[in-house]
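Starting from 1, each residue takes its place in the sequence as its number. Because the structure is a prediction, the values reported are computed rather than measured.
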Amino acid sequence: MDRWCERHAASAPPGPVAVAFSAGADSTALLLAAHQRWPGHVIGLHVHHGLQAAADAFEAQARVAGQQLGLPIEVRRVDARAQPGQSPEDAARQARYRELASMAKAGKVSWVLLGHHADDQAETLMLALSRGAGLPGLAAMGEVFEREGVAFGRPLLSVRAAELRDALQATGQTFLDDPTNADPRFTRNRIRAELLPAWAACFPGFETQLARSARHAAQAQRLLDELAELDLARTGQPPAIAALQTLSRDRQGNALRRWLRQSANAAPSAAQLDELLDQIADCRTRGHRIQIKAAHGMVSRLGERLHFAPPI
């Protein structure tokens, strides 16, 4: 946590520091560490999803921990049920972040800290690898990010889960275990139960090494984003086709991904981007037509520039 603070939050916070506090082991360890570093400036934010029978017990434990530590704990209840076609995990995650951001704004906090650790990062990287992800996926979870105008941080990404539990046992601080963590229907749980022990047997301490790989991927992606900004400054936004054609194919693809992500929050598949690049290469006449599906919309030619249109 010290290294994260040096990079992102070295000075004393201008406002409260909030910890997303589920009352599980990870967030409890983070709450203790934050309280030790910024005494008198830390609050806990607990989101009650209402999706499992243990939810009330987690809320009760969060309140007890707050009383034991002398820290304010704010609790919000949300409706995190999935919409048609949405996964339950994604629905719960989005509801949680929305509510955390809402509480953070109301409390004028400087950071909302999350308890994701090196084991979580390893699981995320393995999921990305299994899906053939590019650099954004291999970067896994970032140390900092912004959502709905609120700064979020993950100070524990280089710390193994076992270390956090050892620290809690040393202090005698109580916490609860999420019963869904043992449910084999969830891919992450199967990775945790089957793949991680196998990797640990072959490569002890691999979690911190995978976390380092994710940091390298994140750094490489930041450099690609900087290059894309330079190229988009040359091509304009939306990009001019003739200006794109002066770039290498790789730089065209990098710039187009950046343009679509920034302007439309669209992430085309590798196949869609390849087809678009082929069409750009062939676009040498005034009457050449471009019409390619990209993520949730269509990229087409409009005059001498590309145009993205969301679905009607």
Min side-chain heavy-atom separation Val47-Met103 under 4.5 Å | yes
Correct closest heavy-atom pair for Gln173 and Ala65 would be NE2-CB, 4.1 Å
Item checked: Gln219-Arg222 side chain donor-acceptor pair, cut-off 3.5 Å -> no
Under the criterion side-chain contact (heavy atoms from CB on, under 4.5 Å), I'd like the reasoning laid out for Val299 against His307: C-alpha separation, chi angles, the key distance, then a yes or no. CA-CA 5 Å; Val299 174; His307 173 72; over 6 Å; no
message: Is there a path of hydrophobic side-chain contacts, each under 4.5 Å between heavy atoms, that joins Leu31 and Val159?
response: yes
Correct closest heavy-atom pair for Ser22 and His46 would be O-CE1, 3.4 Å
Salt-bridge test for Arg63 and Glu59: reply yes if a basic N is under 4.0 Å from a carboxylate O, no otherwise.
yes
| message | Between Leu157 and His117, is there a side-chain heavy-atom distance shorter than 4.5 Å? | response | no
Check: Taking the side chain as C-beta and beyond, is there a heavy-atom pair between Met141 and Thr124 under 4.5 Å?
Finding: yes
Hey, is Arg188 close enough to Asp183 for a salt bridge, meaning N to O under 4.0 Å? no
Checklist line | side-chain contact (heavy atoms from CB on, under 4.5 Å) between Leu247 and Thr235, worked out | finding: CA-CA 10 Å; Leu247 303 175; Thr235 66; 4.2 Å; yes
Side-chain donor-acceptor contact under 3.5 Å, His48 with Asp56:
yes
Tell me whether Phe152 is reachable from Val19 by hopping between hydrophobic residues (I, L, V, M, F, W, Y) whose side-chain heavy atoms are closer than 4.5 Å.
no
(Q) Less than 6.0 angstrom separating the ring centers of Phe58 and His49, yes or no? (A) no
Distance col, row Leu302:CG vs Leu306:CG, nearest 0.5 angstrom, shows 9.5 Å
When rounded to the nearest 0.5 Å, the distance separating CG of Leu168 from OG1 of Thr174 is 9.0 Å
| Just by distance, do the side chain of Asn254 and the backbone of Leu224 share a donor-acceptor pair under 3.5 Å? | yes
Heavy-atom nearest pair, Pro16 first then Lys108, reads CD-O, 3.4 Å
| task | Applying side-chain contact (heavy atoms from CB on, under 4.5 Å), run through Leu227 and Arg251 and close with a yes or a no. | result | CA-CA 8 Å; Leu227 177 61; Arg251 285 176 68 165; 3.7 Å; yes
Quick one, Leu195 and Arg190 - any side-chain contact, counting heavy atoms below 4.5 Å? no
Inset, instruction - Would you mind checking if Arg289 and Asp282 are paired as a salt bridge, meaning a charged N to carboxylate O distance below 4.0 Å? - result: no
message: Any heavy-atom pair between the side chains of Thr28 and Asp26 that's under 4.5 Å?
response: no
- Task: Could you tell me whether the side chain of Val17 reaches within less than 4.5 Å of the side chain of Ser110, counting heavy atoms only?
- Result: yes
Which of Arg3, Arg215, Arg154 passes side-chain contact (heavy atoms from CB on, under 4.5 Å) with Glu143? It is Arg215
(message) Determine whether Thr208 and Phe206 satisfy the following criterion, side-chain contact (heavy atoms from CB on, under 4.5 Å), listing intermediate values before the conclusion.
(response) CA-CA 6 Å; Thr208 54; Phe206 78 96; over 6 Å; no
One should read off an interatomic distance between Leu71 CG and His41 NE2, to the nearest 0.5 angstrom, of 12.0 Å
Side-chain heavy-atom pair Met298, Ile292 within 4.5 angstrom cut-off: no
Rounded to the nearest 0.5 angstrom, the CH2-CD distance for Trp259 and Glu229 is 14.0 Å
- Query: Do other residues, nucleotides or ligands put more than 12 heavy atoms under 6.0 Å from Gln68 CD?
  - Reply: yes
Ion pair Asp120/Arg160, N-O distance below 4.0 Å: no
For this session: Hey, can you tell me if Phe145 and Tyr97 have their rings parallel, tilted or perpendicular (30° and 60° cut-offs)?
Result: perpendicular
Apply the test side-chain hydrogen bond (donor to acceptor under 3.5 Å, both in side chains) to residues Arg249 and Gln252: give CA-CA distance (whole Å), side-chain angles for both, the deciding distance (0.1 Å), then the verdict.
-> CA-CA 5 Å; Arg249 185 181 176 94; Gln252 288 180 39; over 6 Å; no
Heavy-atom nearest pair, Leu45 first then Ala18, reads CD1-CB, 3.6 Å
I'd like to know if Asp225 pairs up with Arg261 as an ion pair, taking the criterion as any Lys NZ or Arg NE/NH1/NH2 lying under 4.0 Å from an Asp or Glu carboxylate oxygen.
yes
Checklist entry - Is it true that Trp111 and Trp4 have ring centroids separated by less than 6.0 Å? => result yes
On a heavy-atom basis, the closest approach of Pro155 and Leu30 is CG-CD1, 4.1 Å
Would you call Arg98-Glu148 a salt bridge at under 4.0 Å N-O? no
Verify same cluster id: Leu244, Leu273 (apolar side-chain graph, 4.5 Å)
yes
ask   = Below 4.0 angstrom, N of the basic side chain to O of the carboxylate: do Glu74 and Arg76 qualify?
value = yes
Taken to the nearest 0.5 Å, the spacing of Leu232 CG from Ser263 OG works out to 9.0 Å
Please say yes or no: joined through hydrophobic side-chain contacts below 4.5 Å, possibly via intermediate residues, are Leu100 and Ile73 part of one cluster? no
Gln245 and Ala281 have their tightest heavy-atom pair at NE2-O, 4.4 Å
**Asked** Side chain of Gln272, backbone of Ala295: donor and acceptor closer than 3.5 Å?
**Response** yes
Hydrophobic cluster identity match, Phe21 and Leu32, side-chain contacts under 4.5 Å: yes
I'd like to know if the side chain of Gln61 and the backbone of Gly24 have a donor-acceptor N/O pair within less than 3.5 Å.
no
* To do: Decide yes or no for Phe308 and Leu260: does some side-chain heavy atom of the first lie under 4.5 Å from some side-chain heavy atom of the second?
  => yes
Rounded to the nearest 0.5 Å, the CD1 atom of Ile241 sits from the SG atom of Cys283 at a distance of 4.0 Å
| query | Between Gln94 and Glu99, does any side-chain donor sit less than 3.5 Å from a side-chain acceptor? | reply | no
